[in-house]
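The sequence lines fix the lettering, A, B, ..., with proteins before strands; numbering per chain opens at 1. As the structure is a computational prediction, the values presented were derived from the model and not from experiment.
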There are 2 protein chains.
Amino acid sequence: MQAFCTICTDKPWRRPRVARSRARWEVVYDDLRTQIDQGKLNPGDRVPTEIDLASQYGFSRATIRSALARLEQDGLITAGAGSLGRQVRRRELVSWNLTRFELGAYSDDPTNRVDQWESDAQAEGWSTRQVVAGVTELAAPDEVARYLDCAPGTRLIRRRRLRYVSRQGIPEQLAMIADTWTPVDIARMEIDGVAPLLQETNVVYPGGIYRALGFRQVHYKDEIQVRMPTPDEAALLDVQPGTPVGQHARVGIDSTGRRVRVLVSTFAGDRQLLRYELDVPERRPTQAEEE
Amino acid sequence: MQAFCTICTDKPWRRPRVARSRARWEVVYDDLRTQIDQGKLNPGDRVPTEIDLASQYGFSRATIRSALARLEQDGLITAGAGSLGRQVRRRELVSWNLTRFELGAYSDDPTNRVDQWESDAQAEGWSTRQVVAGVTELAAPDEVARYLDCAPGTRLIRRRRLRYVSRQGIPEQLAMIADTWTPVDIARMEIDGVAPLLQETNVVYPGGIYRALGFRQVHYKDEIQVRMPTPDEAALLDVQPGTPVGQHARVGIDSTGRRVRVLVSTFAGDRQLLRYELDVPERRPTQAEEE
DNA sequence: ACGGATTTGTGCGTATGTATA
DNA sequence: CTATACATACGCACAAATCCG
C-alpha cells in the first residue's frame, strides 16, 4: 500500500555494504566471469561441469548451479544437456543500417531483389533469406495502436516476415521477426486486381508496395526498445532464456500526414545490431516541426 | 570438437515435442504469466509469497522459486527480501529523440541549460539531473577503439556523466550512463587557459564544447546494441539481475573526416527508449557515400 | 533504537528424468 | 545401449532485509 517508485518498483536485493564474505555462488560466478572477460575462457570453450566445479570448490551442486544460472542470465554461457554441456557464448552481430535510402528508395518490401536489411547482412558475408509467415487480420495491440495513432482494438492487417541468416555451412538462424501492420483499407487496395499486401509470398514492386499503391512515405518515426522476449518470441527466435531482444518500430507517414503502416522488427540482442548515419544540419534547418 | 553455430553456440534446452506433462515450475510460471498478461495482476501488485504458492500448488518451495526466477528473468516481476516481497514490475520509459537538432545545435554537453536528453525527459514530466562522475585517462577498450578507428589500447579521455530522472516525490533513478571518449590531444585543448573536456563539473558552452574547440561535427554514426549489463553497470544503474540494457554509441565526425569523439550511452531497458525521426529523401539524394 | 514478524536469499543433501554423443 | 551432464524436484535449516510497532 505504500508508494513505490514508478520507474522500477523494486529496491533490488543488494549485498550489505559492510565487508562480508561473498556468497558462495558469487565466488564461483566471479571466478568464471573473470576467466571469460580475460579470455582464459573463449567463446565456444566448454565450461567445467557442475560436478567438477562442485568438487573443485567444495560447494554443493546446487550452489554451483546458482552461479552458472547467473552467468547464463548474463548471456555469457549457454547450457545443454548431455555432451553439449555448457559453453562460453558467441556473439556475432548482423548490422542493419536504417538510414541508407540511397540504394533505390528504401522500403520494407524488397524493391530490387534484396531490401536494405538483406543488403547490409550480405555485405558482412551472411546469406539471407526471408519468408512471409502469415498475413492476418488482428485487433491492434495497445502498442501498435499507439504507433498508428488509432484506437486499440482497431482491425489491422499484420504481415509477418521472418528474416534468416546463415554462413558457410552454418545452420540457418532466424535473425529478425518483421511485422508490418497496415490499416485494413490500405491493405485491401489492389493493383491489377490483386492486393499485394495480402499476398502470402514475397511480393516485389519497384519502389516498394506502398509506393505502388500511391503512398509516398515522406517521414519515418522510429522507436527502439530493449526488453526480454515473450515466450512466443523466444521460441521463434530460438534464443536461450536470458537473451534480451531489441524492438525497432518504424512508422511511415505520407505527405498528408497519414500513418500508412508500422514495421515492428524484433531481434535477438546477440545476433543483430542497428545503425544510423546522420548528417548534422548546418544551423537550425527550418526551425519548423516541434510536434 | 564439432562445428557449433557461430551465431549462438547453443542448442537451447527444449521440452520434448511429444505431448508430455509440463514441468511443475512451468505450470506455476504459465499461470502467473497469464495473470500478468491479462491484467489480473497489475504493475505494483504483490505476487503471492513462495510459501503461499507452494501450499497452493502442493509443490516444494524450490519448485516455486524456479518459476519465480524465470518470471524475474523475463523482467515481469521484482524480488526483495522481507516486506518488499515480489511485485509485478512497472515499465515506464523515458524517451530520447536522437534526431532533434533543432533546439540549438545538438551536443552531448549542455549548450543551453539542458541538453537534448534532458529536454525530452522534461517534456514527459520528468525532472532531470546530470552529474559528471569522473574524467579519466584510460586505454581504449576494443569496442571504443573500433568506434574511434584507433588502435585498441590507445590512451583516451573518458568523461562519464550520470543522468538521473525523478518524478513527484519518487526517488531519483539513474536512467543512463553517458561516457564520452575523446582522443587525448583533443581533450587537452584549452579555451582561455582551461581544458573544458577535463573539467569535473558540467561545463556549458554555447554550441557545445567541441564546437567551441573548433570542431564542427558534420556527421554522426550511431550504433545500437542490446545486451545484458556487466556487474558494474547493473550496480550503477541499480537494476535487477535480468534487466537488459541498451547501448547507444554516437561517433561524431568533423568536416575533415576525423572521428572527434564517441558518446557511449548505456541505459536500462525498463527506463529508457530511443527515437529517431527521419525525412525520406525524394529520390536518391547524391548517390554518393557508400562506405 | 530495538525487536519481532514476514519474506526472500543462501546453502546443503538426495534422487530421478532426459537429451546428446 | 551406455555414459555423461544437465534439468527437475523434494526436504531442511539458517541468514538477511524490510517494515512496523
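A heavy-atom distance below 4.5 Å is found between the side chains of Glu223(A) and Arg146(A). Two residues are said to be in side-chain contact when any heavy atoms from C-beta on lie closer than 4.5 Å; Arg160(B) and Ile177(B) meet this criterion. Contact of the Tyr29(A) side chain with the Leu71(A) side chain is registered, since non-hydrogen atoms from C-beta on lie closer than 4.5 Å.
Atoms CD (Gln87(B)) and C1' (dT8(C)) sit 13 Å apart, rounded to a whole Å. One can place CH2 of Trp25(B) at 9 Å from P of dA9(D), the figure rounded to the nearest angstrom. Computed from coordinates, the Glu26(A) CD to dT10(C) P distance equals 8 Å when rounded to whole Å. Here dT8(C) presents its C1' atom at 11 Å from CD1 of Ile77(B), a figure rounded to the nearest Å. Remark: C1' of dA7(D) and CD of Glu72(A) are 11 Å apart, rounded to the nearest angstrom.
Checked by atom type, the side-chain pair Glu233(A)/Gln247(A) shows no donor-acceptor distance below 3.5 Å.
For dC12(C), one of the phosphate oxygens OP1 or OP2 lies less than 4.0 angstrom from a side-chain nitrogen or oxygen of Arg24(A). Considering only side-chain N and O atoms, Arg65(A) lies nowhere under 4.0 angstrom from the phosphate OP1 or OP2 of dC6(D).
Remark: the Arg61(B) side chain and the dG9(C) base include a donor-acceptor N/O pair separated by less than 3.5 Å.
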Under 3.5 Å, which protein N or O atoms sit close to an N or O of nucleotides 1-7 of chain C? Give each pair with its distance.
residue	atom	partner	partner atom	Å
dT7(C)	O4'	Gly82(B)	O	3.2
dT7(C)	O2	Gly82(B)	N	2.8

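Between Pro48(B) and Ala62(A), the residue anchored closer to the 5' end of DNA chain C is Pro48(B), taking for each the nucleotide with the nearest heavy atom.
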Test log, rule side chain to side chain donor-acceptor pair (under 3.5 Å), inputs Trp126(A) and Glu92(A): CA-CA 11 Å; Trp126(A) 298 97; Glu92(A) 277 194 46; 5.6 Å; no
Intermediate values then yes/no, side chain to side chain donor-acceptor pair (under 3.5 Å), Thr63(A) and Ser60(A): CA-CA 5 Å; Thr63(A) 303; Ser60(A) 81; 3.1 Å; yes
